[in-house]
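Remarks on the structure that follows.
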Amino acid sequence: MLSNHLLPLFLLFAAPTIATPGFVAYKEVTCTKPVDIFTDGDPVPDNKLKIDHAVTDWNSHAAGHYYDNLTFPDAGVSGDDNKEAGTQFVYWSVERPDPGCQYILMKDTRFGWQIINPLPGTEILRVAEEGCYYTPLTAHDSLITSYCCGQGDCSIAEVEIQSNTPKDAMTGAPPACTIKSSAASPTIEDGQQIAITRPQTCEAAPACTHSIQLSTTVTTAVAHFNSYTWTSEMGTEVSFESGVDFLGATEKMSSTFSSSIAQSWMEETGSTVTVGNITAATEGNRQMSGTVAFYSFVPHYECWKADLDCGKDSNGNEVVLERISFCQPRLSSSGEADGIFSMVYISG
Ligand SMILES: *[C@@H]1O[C@H](CO)[C@@H](O)[C@H](O)[C@H]1NC(C)=O
Ligand SMILES: *[C@@H]1O[C@H](CO)[C@@H](O)[C@H](O)[C@H]1NC(C)=O
C-alpha cells in the first residue's frame with residue numbers, strides 16, 4: 001500500500017518519518033494546532049497513530065494497529081449538551097492513500113469480533129482522500145488504525161453497503177446435521193456494523209441530525225470461518241462456504257444449509273429465529289458541520305460454538321463441521337436490538 005517503492009532510496013533514509021502514513025491529531029478543523037496524544041500516559045511520537053497493518057491482516061496483527069487507553073489533554077471538550085457531554089474534539093490530518101486504498105480508524109469495543117464482525121472495532125472514520133477529519137472521542141478510548149486496498153478487501157470496511165446473499169447457494173435439499181458437541185455458554189460478540197442512515201453532507205451549524213430512514217433489523221446468524229466441500233453418500237456435491245448467514249427476515253435463506261443448521265440447533269435447544277428492530281430511541285449523536293457521515297449501529301450477539309455431524313461422505317467417512325457459531329441478537333425487554341449507535345465520518 002505504501003508508495004515507498006516509488007521514492008528514491010536516499011529520501012527514504014533521509015526522512016524515514018514520511019514512510020509510515022498515520023492519523024495525526026490536531027485541535028481544529030484546519031489541522032494547524034497539534035494535539036498531544038498519550039497512550040497509557042506515555043506520549044505517542046509525533047502525535048501520530050501509525051497506519052501500518054491491513055484490515056485483512058488478522059493472524060499477525062488482529063487487523064490493525066492497537067493504541068490503548070488514549071488521552072488528548074489539550075483537545076477541546078464539548079459543553080453541556082447531554083448527548084455529547086465529555087466528548088473531545090479531535091481532528092485528524094491524513095495524507096492521501098494510494099489509489100483504491102482507504103485508511104480506517106476504529107474504536108475498540110469490549111466485545112469479541114471475528115465471529116460475525118470482520119472488523120476489530122467500531123469504525124468511526126474511513127477516508128480515501130487527504131484532508132482534516134473530525135472524530136468525537138472520550139478520554140481513555142482505545143483506537144485501532146487500519147487500511148484496506150481494492151474492492152474485495154475494502155468491502156469489509158464499507159459498512160454502509162449491506163448485502164445478505166446466502167454464502168451457501170446450493171441445489172437440492174441441504175444435508176441434515178446434528179450437534180456433536182457444543183459450548184455450554186455463549187460468548188458476547190459484536191455483530192456487523194450497520195449503516196442506519198445514508199451518508200449525508202452537513203453544510204453548516206447547527207450540526208446536522210440524522211433520522212433513521214433505512215428499515216433495518218438484526219437477526220439470528222450462523223457464522224463459520226471454514227469452507228467445506230464433500231460428496232454425500234447419495235452422490236450429491238455439498239459445499240459450505242465460510243462467512244456469515246443471517247436468517248429470519250429474508251425468504252431467500254429458508255432453503256440454505258445455514259438455515260438447516262440453525263433449524264437443527266433450535267430444535268435441540270428450544271430456541272427460535274430472533275429478529276430485533278433498530279429504532280431511533282437512542283439516536284441523538286449529531287454530525288459535525290462541514291463533514292460527510294452516516295449513522296451506524298453495532299448489534300450485540302450471544303454466540304454458541306458447536307461441532308456438527310452432517311452424516312457420511314461418499315467414502316463412508318463421518319463429515320464433521322467444526323466450530324460453527326450459532327448467534328442470537330441480544331434484545332432489550334421491548335424487543336429492540338441491543339447495541340451501540342455511532343457516527344461514521346467518511347470522505348465526500
Ligand atoms: C490509562 O492511562 C492512564 C494515564 O493516562 C492511567 O492512569 C490509567 O491507569 C490507564 N488505565 C488503564 C486501564 O490502563
Ligand atoms: C419490528 O418492526 C416491524 C415492522 O415495522 C413490526 O411489524 C414489528 O412489530 C416490530 N417488532 C418489534 C419487536 O418491535
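In this chain, residues are counted from 1 in sequence order. Whatever order the structure lists them in is the order used to number ligands and atoms, beginning at 1.
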Is there side-chain contact between Ile179 and Trp304, with at least one heavy-atom pair below 4.5 Å? no
Give the atoms of ligand 1, by number and element, whose distance to some non-hydrogen atom of Gly41 is under 4.0 Å. 4 (C), 5 (O)
Minimum side-chain heavy-atom gap Tyr26-Ser93 below 4.5 Å: yes
Under 6.0 Å between the ring centres of Tyr345 and Tyr133? no
Identity of the nearest option to atom 6 (C) of ligand 1, non-hydrogen atoms only, from Thr71, Asp68, Asn69: Asn69
Using 0.5 Å steps for rounding, measure from the CG atom of Asp153 to the OG1 atom of Thr56. 4.5 Å
Flag atom 14 (O) of ligand 1 as yes if some protein heavy-atom distance to it falls below 4.0 Å, otherwise no. yes
Atom 2 (O) of ligand 1: any protein heavy atom closer than 4.0 Å: yes
